[in-house]
Asks: 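Structure in structure tokens, see below.
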Amino acid sequence: MIDHIIQFDKHLFNFINLDLGNAFFDWLMPVLREPRTWIPLYVFIIGFSIYRYRKTGLYIILALLLAFAVADSGSAGLGKHIFKRIRPCNDPAMGNSIITRIPCGTGYSFPSAHASNHFALAVLLCLIFGKKRRWLWILAILWAASICFAQVYVGVHYPIDVTVGALFGSLVGWLVYRLFKKFQPHF
């Protein structure tokens, strides 16, 4: 069973990395996965939270920082060292059949820290702000999912890496939200 899942994962990776390749994605996907791209969004979230919610805004920011820290340490700090899955761009079994669109890096692949971090933030933001702004769910999940897709497209993660990272990050976002509600029950 595991062998079938790994084969499907590699087949899906090849479809995304090779078959969907085009000049527009070659430009866009490295930009989407670059953390500095999202600095204006993070600054907006911080500014909006403080301006609109004052003291509660500080709790929102602390919750976001906690979600990021837990998701990152759980995936990059713990998960990758337990599973030690080689990145597709470093995998000799993949040979020269993949297109590496960014420098590969030396770390492990499973689970994706990018996916964990962004889904933790997206789910937490949706749970905090999504009741009044239902459209936020669509935007936030598309934002996090596009970063996951970009990770596969550029050749640094397999689809299962980003899927498990997204699930782990979603769980972290939900758990941090439960903690946030303990400190801010009326929000």
Side-chain angles (χ1 to χ4, degrees), residues 6 8-49 64-65 67-69 71-72 74-76 79-80 85-91 93-130 133-170 172-173:
I6 290 171
F8 176 74
D9 192 33
K10 288 183 177 183
H11 178 72
L12 186 56
F13 171 84
N14 284 330
F15 173 73
I16 294 169
N17 180 259
L18 300 172
D19 297 343
L20 295 181
N22 63 72
F24 179 68
F25 277 7
D26 288 353
W27 167 80
L28 180 63
M29 296 304 153
V31 172
L32 286 179
R33 63 164 306 281
E34 174 59 45
R36 290 178 291 199
T37 298
W38 302 105
I39 289 173
L41 176 63
Y42 303 144
V43 169
F44 171 77
I45 292 167
I46 291 168
F48 173 79
S49 297
L64 290 168
L65 290 172
F68 182 88
D72 194 60
S75 58
K80 289 185 181 191
R85 185 178 194 192
I86 297 172
R87 293 183 181 275
C89 49
N90 285 332
D91 188 348
M94 297 298 281
N96 294 329
S97 65
I98 70 169
I99 299 171
T100 306
R101 294 174 171 93
I102 62 165
C104 186
T106 58
Y108 293 113
S109 181
F110 182 87
S112 167
H114 272 79
S116 297
N117 299 343
H118 288 91
F119 265 91
L121 296 177
V123 168
L124 180 57
L125 285 168
C126 289
L127 290 169
I128 291 173
F129 297 119
R133 299 166 187 89
R134 296 219 183 262
W135 52 266
L136 180 63
W137 280 93
I138 295 169
L139 287 180
I141 299 305
L142 281 175
W143 164 64
S146 70
I147 293 166
C148 292
F149 179 83
Q151 291 293 90
V152 177
Y153 184 84
V154 299
V156 297
H157 282 289
Y158 291 103
I160 286 179
D161 302 342
V162 297
T163 302
V164 171
L167 292 171
F168 175 69
S170 297
V172 169

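No experiment lies behind these values; they were computed from the predicted model shown. Heavy atoms only: backbone and side chains are in, while hydrogens, waters and symmetry mates are out.
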Asks: Of the non-hydrogen atoms in V156 and C104, which two are nearest, and what is the gap between them?
Replies: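 Result for this residue pair: CG1-O, 4.0 Å.
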Asks: For R87, enumerate each residue passing the side-chain hydrogen bond (donor to acceptor under 3.5 Å, both in side chains) test, keeping only those at least two apart in sequence or located in another chain.
Replies: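 Once residues adjacent in sequence are excluded, the partners of R87 under the side-chain hydrogen bond (donor to acceptor under 3.5 Å, both in side chains) criterion are H157.
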Asks: How about F149: does its CZ atom have over 12 heavy atoms from other parts shown lying under 6.0 Å from it?
Replies: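 Yes, the 6.0 Å shell around CZ holds more than 12 heavy atoms from other groups.
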Asks: Who pairs with R36 by salt bridge (Lys or Arg N to Asp or Glu O under 4.0 Å), at least two apart in sequence or on another chain?
Replies: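 Partners of R36 by the salt bridge (Lys or Arg N to Asp or Glu O under 4.0 Å) criterion, ordered by chain and then number, come out as E34.
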Asks: What are the two closest non-hydrogen atoms of A150 and L32, and how far apart are they?
Replies: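 The pair with the smallest heavy-atom distance is CB-CB, 4.2 Å.
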Asks: Is the side chain of T37 donor-acceptor paired with the backbone N or O of V31 at a distance under 3.5 Å, no angle test?
Replies: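 Yes, the answer is positive, given that a donor and an acceptor are paired below the 3.5 Å cut-off.
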Asks: Within the 4.5 Å heavy-atom criterion, are L124 and F119 side-chain neighbours or not?
Replies: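 L124 vs F119: side chains apart.
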Asks: Where do A67 and V172 come nearest, in terms of heavy atoms and distance?
Replies: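 Nearest pair, atom of A67 first, then V172: O-CG1, 3.5 Å.
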Asks: Should L142 and W137 be marked as a side chain to side chain contact (heavy atoms under 4.5 Å, CB included) after you check the CA-CA gap, both sets of side-chain angles, and the distance that decides it?
Replies: CA-CA 8 Å; L142 281 175; W137 280 93; over 6 Å; no
Asks: Which heavy atom of A71 sits nearest to which heavy atom of F168, and what is that distance?
Replies: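 Where A71 meets F168 most closely, the heavy atoms are O-CE2, 3.5 Å.
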Asks: For the residue pair P159 and I16, what are the closest heavy atoms and their distance?
Replies: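 Nearest pair, atom of P159 first, then I16: CG-CD1, 4.4 Å.
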Asks: Compute the ring centroids of F48 and F129, then answer whether they are less than 6.0 Å apart.
Replies: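 Aromatic pair counts; centres sit under 6.0 Å.
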Asks: Determine, stepwise, if the pair D19 / N14 fulfils side chain to side chain contact (heavy atoms under 4.5 Å, CB included).
Replies: CA-CA 7 Å; D19 297 343; N14 284 330; over 6 Å; no
Asks: First locate atom OG of S109, then atom CD of Q151, and finally report the distance between them rounded to the nearest 0.5 Å.
Replies: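 One finds 9.0 Å between OG of S109 and CD of Q151.
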Asks: So among F24, W27, F25, which one has a ring pair (Phe, Tyr, Trp, His ring centres under 6.0 Å) with Y153?
Replies: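 When F24, W27, F25 are each tested with Y153, the ring pair (Phe, Tyr, Trp, His ring centres under 6.0 Å) holds only for F25.
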Asks: Say whether, by atom type as modelled, one donor and one acceptor occur between the side chain of N117 and the main chain of A113 under 3.5 angstrom.
Replies: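 Side chain of N117 to backbone of A113: a pair is present.
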Asks: About how many Å separate CE of M29 and CG of L20, when rounded to the nearest 0.5 Å?
Replies: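 Answer rounded to 0.5 Å: 9.0 Å.
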Asks: First locate atom CD1 of I160, then atom NZ of K10, and finally report the distance between them rounded to the nearest 0.5 Å.
Replies: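 One gets 10.5 Å once the value is rounded to the nearest 0.5 Å.
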Asks: Looking at I6, T163, D91, V152, which one forms a side-chain contact (heavy atoms from CB on, under 4.5 Å) with Y158?
Replies: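 Answer after filtering I6, T163, D91, V152: D91.
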Asks: Taking all non-hydrogen atoms of both residues, which atom of L125 and which atom of I45 are closest, and how far apart?
Replies: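 Shortest heavy-atom contact: CD1-CD1, 3.6 Å.
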Asks: Taking atom CZ of F8 as the centre, report whether more than 12 heavy atoms of other residues, nucleotides or ligands fall under 6.0 Å from it.
Replies: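 Counting neighbours around CZ of F8, 12 or fewer heavy atoms of other residues, nucleotides or ligands fall under 6.0 Å, so no.
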Asks: Could you state the interatomic distance from CG (L121) to OH (Y42), rounded to the nearest 0.5 Å?
Replies: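 That separation rounds to 6.0 Å.
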Asks: So, taking the atom named CG in L28 and the one named CG in N22, what distance separates them when rounded to the nearest 0.5 Å?
Replies: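 The CG atom of L28 sits 9.5 Å away from the CG atom of N22.
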Asks: How long is the gap from CD1 on I99 to SG on C89, to the nearest 0.5 Å?
Replies: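 Reported to 0.5 Å precision, the distance equals 13.0 Å.
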Asks: Can any side-chain N or O of H114 pair as donor or acceptor with the backbone N or O of R33 at less than 3.5 Å?
Replies: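 Checking the backbone N and O of R33 against the side chain of H114, a donor-acceptor pair under 3.5 Å is found.
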Asks: Does S112 offer a backbone N or O that forms a donor-acceptor pair with the side chain of D161 under 3.5 Å?
Replies: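 No: the side chain of D161 does not pair with the backbone of S112.
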